[in-house]
Structure formats: C-alpha cells, structure tokens
Amino acid sequence: MIKNVTILKLNNGGAMPIIGLGTYARKAISGQYRQAVEWGIDAGYRHIDTASSYHNEEEVGEGIANKIQQGVVTRDQLFITTKLWNDQHAKKDVIPAIKQSLSKLKLDYVDLYLIHWPVSVNEKGDMNIDYMETWKGMEEALELGLTKSIGVSNFNEQQLTRLVQNAQIKPVCNQIEINPTLTAHKLVECCKQLSVTPVAYTPLGLISEARPEFIGKDVIKTDPKLGSIAEKYGKTRAQIALRYLVQRGIAVIPKSFTKSRIEENINIFDFELSEDEMKIVDSYNIDHRCVPGLAFEKLSNYPF
Ligand SMILES: NC(=O)c1ccc[n+]([C@@H]2O[C@H](COP(=O)([O-])OP(=O)(O)OC[C@H]3O[C@@H](n4cnc5c(N)ncnc54)[C@H](OP(=O)(O)O)[C@@H]3O)[C@@H](O)[C@H]2O)c1
C-alpha cells in the first residue's frame, strides 16, 4: 500500500487526501465499479469520488462496505464525495437528494457533497434556479450532519466569487477540469485566493483520451520531452501529469477500471519534479476542454 499521500487541509478544518479514485464511466459492466473501489482501497486510496448522475452509488457503496467488513479500513479513514444533480437544484430538493445518495451508498454521511454544475435543468428545460438558492439547501445538509463538508463543481471565477461572498458557509472546494492541456491557472489562482481547494477532474486529460476529435491535439502522448522526464523518474506520462497537479497543490481524482493503473496512479509520492520540469508540463497547455458540458451550453449559468 502506498504511504505518504499528502493530506490537504480544508477551509473548515477538515482534511482531504490529495488523491482520490474517480468513478465516472460512460460504460461499465456489472461489478466493475465495486471492483475498482475495492482495488483502490487496497492500493491505498482513502478518497473516492462519485455522483448521483454516475448511477453507480450502489456499487461504490458495496465496495466500501466490503472493505470495511474485511477490516481493511474504517469509515472514518475514508473521504467520500458525491454530487447533487442539475434537476434537484430547488432548495426543497437538496435534502431528499442527499438522503437518496446516502441510502444508495449505504452510508450515514458523506465527507463532501458538491453542486455538480451551476446550471439547473430538468426534462422540461432550463429551470433557471439561482445556485445561491441551491446553496441554502447544501448548508442545511451540512447542519443536519448528512455531509461533513459542502462544495461546488464546474463553477467559473465569477460564480465562485459570488458564492463565497454571499454564502453563510463557504464551499471547501471547486471540482474542475485541470490537466496538462487545460492548466486553468487563473481559475486555480481564484480558488486559492478564496481559500477554496481546487480538485482536478479528468486529470489525465489527453494522455488518456482516445476520442477521434482529439487526434492532432494529443502531442502530449508522444512528445519526447515528457518521455524523458518520465524515464528519469522511472514513471509513466500519466504519473508525471498527476504529480504536476499535486505539486501545484491541486487534488486529483483519476479514474481507472484497470488494477495496475489504479496502483500506478497513486504511486506518485516518492519523487519531485523540478521547476524546469513543471514548466515543461505546463507548456502543453492548449486550453482544451475534454468535458465542455455542451449539453448545457444554452442554459443560464453555463460556466464556460
Ligand atoms: N465534476 C464533474 O463534472 C466531473 C467531470 C468528469 C469527471 N469527474 C470525476 O473525475 C474523475 C476522473 O475524470 P475522468 O474519468 O473523466 O478522466 P481521467 O481520470 O483523467 O481518465 C480516465 C481514463 O484514463 C484511463 N487511465 C487511467 N489511468 C491511466 C494511466 N495510468 N495511463 C493511461 N490511461 C489511464 C482510464 O482507462 P481505464 O479505466 O480503462 O483504465 C480512463 O479511460 C471521474 O471518474 C469522475 O469521478 C467529474
């Protein structure tokens, strides 16, 4: 099991392991999420990221329960995140939504509950609910002990600043896409200024993506400069990308269904990139978004 995982202090005094296991997949076969969570906990992950919209909370919960039952971990050693979906942004819907997630996860509380996107939409169309209203429901979830912390995801600088300035309870984090081809320096700086921890989703970015629309943009997969850095430390390109993010003080939540990659991705705490190497990784930035949320593009509060 990997030791020395950095623990980040949150603005409410809580603590979050800097690496978590992502669990979103477009396609999965039965048991795959549970298996990934079990391999993850065995490999040393103590932070797991799910969402109601991933439709995997039951299996994620099974994996957690199995590892607790086997005595590998206790509940208080784990940091579990789930998220409120866009059709449940009315204040009255937040508590029922988190209770439903908890019931699927078979947990009494989560460690972090996030507003998944600043947009609100249901089958009838744009609900145009102000996320400040949703936030009041999030604050209530915290007060009821259903979650230890609350935060947001996919909020841009203006949205995050407005939320922090007007909230009774500050968000502890903003989960956003960050990777070597979307370095997001301005938004990360804004998060840090506001004492909001940035969490990088899709942290491998174009290193992992194989969708045809990315061909030509994915030089990072073959560029010899990155290859040399990886070779120097006996690591892979993926590990260099993750290390680059954690060295910027950003939490990462890589997803994998592959046991060896789950183990590989957390094995990044025994080396340090130099300033020059950090600059090389930074130079791959092309502001390319793997998750543009195009389905929400026409909605009020679309962040990008
Ligand atoms: N808040 C949001 O709106 C939002 C949006 C997107 C994602 N997320 C969260 O962030 C997590 C991570 O993002 P993501 O899943 O989009 O992207 P990612 O973690 O950057 O990449 C996942 C992909 O990379 C592959 N992979 C994993 N480790 C690898 C390695 N060492 N070398 C090469 N390829 C590797 C995986 O394949 P295999 O599984 O086949 O190994 C998978 O196809 C999600 O699972 C989810 O929990 C949140």
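Bear in mind that the values here come from a model prediction, so they are computed numbers and not experimental data. Order of appearance sets the numbers: ligands from 1, and atoms from 1 within every ligand.
- Distances below 4.0 Å separate heavy atoms of Ala238 from the following atoms of ligand 1: 30 (C), 31 (N), 32 (N).
- Closest to atom 37 (O) of ligand 1 among all protein heavy atoms lies Arg261 NH1, 3.1 Å.
- In summary, the atoms of ligand 1 found under 4.0 Å from a heavy atom of Thr258, numbered by their order in the structure, are 38 (P), 40 (O), 41 (O).
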Step-by-step ring pair (Phe, Tyr, Trp, His ring centres under 6.0 Å) determination, Tyr24 to His55: CA-CA 9 Å; Tyr24 171 74; His55 303 294; 9.9 Å; no
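- Between Ile253, Asn174, Ile262, it is Ile253 that holds the heavy atom closest to atom 10 (O) of ligand 1.
- Here's the thing with Ile207: none of its N/O atoms is less than 3.5 angstrom from an N/O atom of ligand 1.
- Close approach of ligand 1 to Gly22 (heavy-atom distance below 4.0 Å) involves ligand atoms 11 (C), 45 (O), 47 (O).
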Ring pair (Phe, Tyr, Trp, His ring centres under 6.0 Å) assessment of Trp85 paired with Tyr113: CA-CA 11 Å; Trp85 189 237; Tyr113 196 48; over 10 Å; no
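- The pair Lys235-Glu264 does not meet the salt-bridge criterion, since no charged nitrogen lies less than 4.0 angstrom from a carboxylate oxygen.
- Listed by first then second residue, pairs satisfying side-chain hydrogen bond (donor to acceptor under 3.5 Å, both in side chains) with a partner in residues 187-196 read Glu189-Gln193, not counting sequence neighbours.
- When the options Gln239, Glu177, Lys255 are ranked by their closest heavy atom to atom 22 (C) of ligand 1, first place goes to Lys255.
- Residue Tyr54 holds the heavy atom nearest to atom 8 (N) of ligand 1 of all those in Tyr24, Trp117, Tyr54.
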